[in-house]
Amino acid sequence: MTESKGITKSPTGIDGFDELTLGGVPTGRPALVCGSAGCGKTLFASTFLLNGARQFDEPGVFVTFEERPVDIINNVASLGFEMDKLIDEGKIWIEHIAVDPSEVAEIGDYDLEALFLRLELAIEQVGAKRIVLDTIESLFSAFTNPAILRAEIRRLFDWLKDRGMTTVITAERGDGTLTRQGLEEYVSDCVLLLDHRVHNQVSTRRLRIVKYRGTAHGTNEYPFLIDEDGFSVLPVSALGLNHKVYDEPISSGIADLDAMLSGGGFHRGSSILLSGVAGSGKSSVSACFASAACARGEKALYFSFEESAAQSVRNMRSIGVDLQPYMDTDMLRHIAARPTFYSLEMHLAVMLREVQRFGPSLVVLDPISAFIGNADQLEVQAMLLRMVDFLKSNGITGVFSHLMHSQDGATETDVGMSSLMDAWILLLNREANGEFNRELYLLKARGMSHSNQVREFVMSDTGITLIPPYLGEGRALTGSARRAEEAKLRRAELARRAEVERLSESVEKRRRQAQAQIEALQDEMQADEAELNRLRLEEENYRAQLEADRALMEQSRRV
C-alpha cells in the first residue's frame, strides 16, 4: 500500500496496522481504541507510545486513571518493552491521576481545568509529541448529565488537538455502543474496535477500523496477535500478486515423480498441494521434499500439526529417509503444535516469525486440514492464503498436505485452496482383489508439461518408487492386478515364442526336404544332359564316318 496524500499520519510501529491505515494514526488528532476487557487496548496504546519514543524520536506521556505506574511498567516489560529505561532517558512520562467518583460532585460549572494543568506539565517534562489516556471512563464515571459530559469530552479532545498532540484514548465498550458513554466515538477522528472472542474453546482477537476521517482505510475485520513480540496485526486481505517467479526446477526427492515433469522437478517458489485420504503417503512425500532440500544444502522448515519431531523421524526411517542428521545440523527444523493449542492468528504469527528467523528455502505444513473444525472455513482459508502469499513473496517453496475424507469428487479441498496452488499431487488408495493399492496422480503443474498417467505408489525401506501401471484395453491396473496381468502376459509370451519356434523348425525341415529334392532333380538333370551330349557326339561321329565312307566308296568306283 502507498501512503495516503490526505491528512498527516504518525506511524505506530505496529506490524500490519500502519499498512492497513496507510500510515498510522492521525497526527495531532485523537484516536479512540475501544473494546471489552482483555482485548488489548492498553497494550495497543503502550506500543504506540513506546515505538514513538524508540523508533520515531517522539517522546510521549502515558496518563493512567486506573493502574499505578509500576503496574504499567511491569505489564509491558513482559513483552520486551523497557519502559523504565525510556523514563530514565526522559522520553516517556507516566502521569497517574486517581479519580474517586465518591469524592466528585457533579455541578453545573464543573470543568477539567485541573486535568489540563497536569497534562500541560507532563507534556512539558519530556517535550511530548504523543499522549495516551487510559481509560477515559474513569475520568467521567461520576457524571450522568449528558450535556455536561458531551461538552467536557469535546473540550478535552479540542484541547489535545490545539496542542498538536497525537493521542490514543482507550475506552471500555458499552452495551450496544462502542463506548460506555456512547459519545467518544463521535468526536474522535479515528475509532478502532478491538474484539476478543472465543469459538470452539479457542480465543481469537479481531481489529476493525470503524472510522477514519479524511483518509481511506481498510474496513474489514483483521486478526491481531499479542505475544512476546508485542502487538501485531495480520492484514490477510492486503495481499498482492507481484511476487517473483522462478524457472529453476527443484527436486521432490522422488526421482520417478521428477521424471513425470518436463523440467525434472517443480519450479522453485511454487505452492504444492498434497491431498489424499489417511494412509495414502502425504507425510512421506512431504518428508522427501524436505530431505531433498537439505541434501541440496538448503534449509527446510517442517510444521507438523499431528506428529512430534521424534515420531516423524522414526516413521520416515521406515522408507529410507533419515531426517535426524539434518535436524542435528540445524538444516531441518521441525515444529510440532496441535491446531487447538493456538488460535489461527497465533499459528500464523508463529509460522511467519519462524520462517523469518530461520530463512528456509522450503516450508512444509502437514496437514492444513487439521484446522478445519476448530475455526470457520473462511478464517482458515484467509490464514492459509496469507501464508501462501508470504512464502511466494519470499521465493520459498511451500508444500501443503491436506487430508481428504473421501476420494469421490477429489477435485476440491475442504479449505478451498486447490485453485491457489501451482501444483497438485493427488494420492489415492484403491481397493482391488482384496487389497489396497496406493496411487499417485499429478493433477496439475502450472508452467510445465507433465504426465497425466496414474502411477502406482510404492513405499519400501529403500524409498518411494512410482511404477507405471499396466495399460490394458480401456483400463489401467495396479498392485496385484497389475502383477497378475503382467504374469499372464509373460506366460502368453512364452507360449507364443514356443509356438513360433516349433513352426520355425517345421518350416525349416520342409525347406531342407525340398532342398534335397531339388538337388536330386538337379543331379538327374545333369545326368540326362550328359547322356544327351554323349548321344549328340556319337551322332556327329557317326555322320562324319558315314560321310567319309561314302567319299571313299565314290573314289573306288571311279577307279
Side-chain angles (χ1 to χ4, degrees), residues 249 254-265 428 430-442 445 448-559:
I254 304 173
D256 294 333
L257 178 56
D258 294 339
M260 296 176 68
L261 298 156
S262 61
L428 306 172
R430 299 291 190 189
E431 190 278 330
N433 301 322
E435 68 175 9
F436 272 103
N437 295 310
R438 295 183 177 92
E439 298 176 356
L440 181 146
Y441 176 43
L442 194 53
M448 59 179 63
S449 58
H450 57 89
S451 172
N452 62 351
Q453 193 178 73
V454 177
R455 299 294 179 91
E456 184 177 351
F457 182 84
V458 179
M459 292 187 289
S460 65
D461 55 1
T462 58
I464 295 176
T465 54
L466 303 179
I467 303 174
Y470 166 76
L471 300 178
E473 297 179 357
R475 60 175 181 164
L477 302 177
T478 60
S480 297
R482 173 184 57 80
R483 290 187 287 271
E485 188 66 23
E486 290 175 346
K488 179 180 177 181
L489 287 178
R490 286 193 295 269
R491 292 192 297 270
E493 179 66 14
L494 290 175
R496 188 190 64 82
R497 290 181 180 179
E499 180 65 15
V500 170
E501 186 175 354
R502 185 188 65 80
L503 292 175
S504 298
E505 291 178 354
S506 176
V507 170
E508 180 64 21
K509 182 178 180 180
R510 291 197 301 271
R511 189 190 66 79
R512 289 194 300 267
Q513 291 175 349
Q515 185 66 31
Q517 292 175 357
I518 292 172
E519 292 176 353
L521 291 173
Q522 288 177 342
D523 291 340
E524 291 178 2
M525 291 176 62
Q526 290 176 356
D528 292 342
E529 185 70 22
E531 181 65 19
L532 181 60
N533 291 336
R534 185 182 64 79
L535 292 174
R536 288 175 178 172
L537 181 60
E538 289 179 355
E539 180 66 20
E540 291 176 355
N541 291 336
Y542 172 78
R543 289 184 179 279
Q545 186 63 41
L546 182 61
E547 189 66 30
D549 290 345
R550 184 182 294 115
L552 182 61
M553 182 62 71
E554 291 177 354
Q555 182 180 4
S556 64
R557 285 178 178 177
R558 285 193 300 270
V559 175

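Owing to the predicted nature of the structure, the values given are computational and were not obtained by experimental measurement.
- The distance from the CG atom of Leu489 to the CZ atom of Arg496 is 11.5 Å, given to the nearest 0.5 Å.
- Note that CZ of Arg534 and CZ of Arg536 are 13.0 Å apart. Values are rounded to the nearest 0.5 Å.
- If you check the side chains of Ser506 and Arg502, you find no donor sitting under 3.5 Å from an acceptor.
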Side chain to side chain contact (heavy atoms under 4.5 Å, CB included) assessment of Asp523 paired with Gln526: CA-CA 5 Å; Asp523 291 340; Gln526 290 176 356; 4.0 Å; yes
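- The side-chain contact (heavy atoms from CB on, under 4.5 Å) with Arg455 is formed by just one residue from the set Met260, Arg438, Glu439; it is Met260.
- Closest of all the heavy-atom pairs between Leu261 and His450 is CD2-CB, 3.8 Å.
- Counting heavy atoms of neighbouring residues, nucleotides and ligands inside a 6.0 Å radius, atom CZ of Arg543 does not exceed 12 of them.
- If you check the side chains of Gln545 and Asp549, you find a donor sitting under 3.5 Å from an acceptor.
- In this structure, Arg511 pairs ionically with Glu508, as a charged nitrogen and a carboxylate oxygen lie closer than 4.0 Å.
- With sequence neighbours left out, the side chain to side chain contact (heavy atoms under 4.5 Å, CB included) criterion links Gln513 to Lys509.
- For the side-chain contact (heavy atoms from CB on, under 4.5 Å) criterion with Phe457, the lone passing option out of Asn437, Ile467, Ile464 is Ile464.
- Contact record, Leu257 with Leu440: CD1-CD2, 4.0 Å, taken as the closest heavy-atom pair.
- Between Arg491 and Leu494, every side-chain heavy-atom pair lies at or beyond the 4.5 Å cut-off.
- Between Glu554 and Arg550, none of the side-chain N atoms (NZ, or NE/NH1/NH2) sits under 4.0 Å from a carboxylate O, so this pair counts as no salt bridge.
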Criterion side chain to side chain contact (heavy atoms under 4.5 Å, CB included) on Gln555 and Leu552, from CA distance to verdict: CA-CA 5 Å; Gln555 182 180 4; Leu552 182 61; 4.2 Å; yes
Derivation of the side chain to side chain contact (heavy atoms under 4.5 Å, CB included) call for Asp528 and Met525: CA-CA 5 Å; Asp528 292 342; Met525 291 176 62; 5.6 Å; no
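- You'll find the side chain of Asn541 reaches within 4.5 Å of the side chain of Leu537, heavy atoms only.
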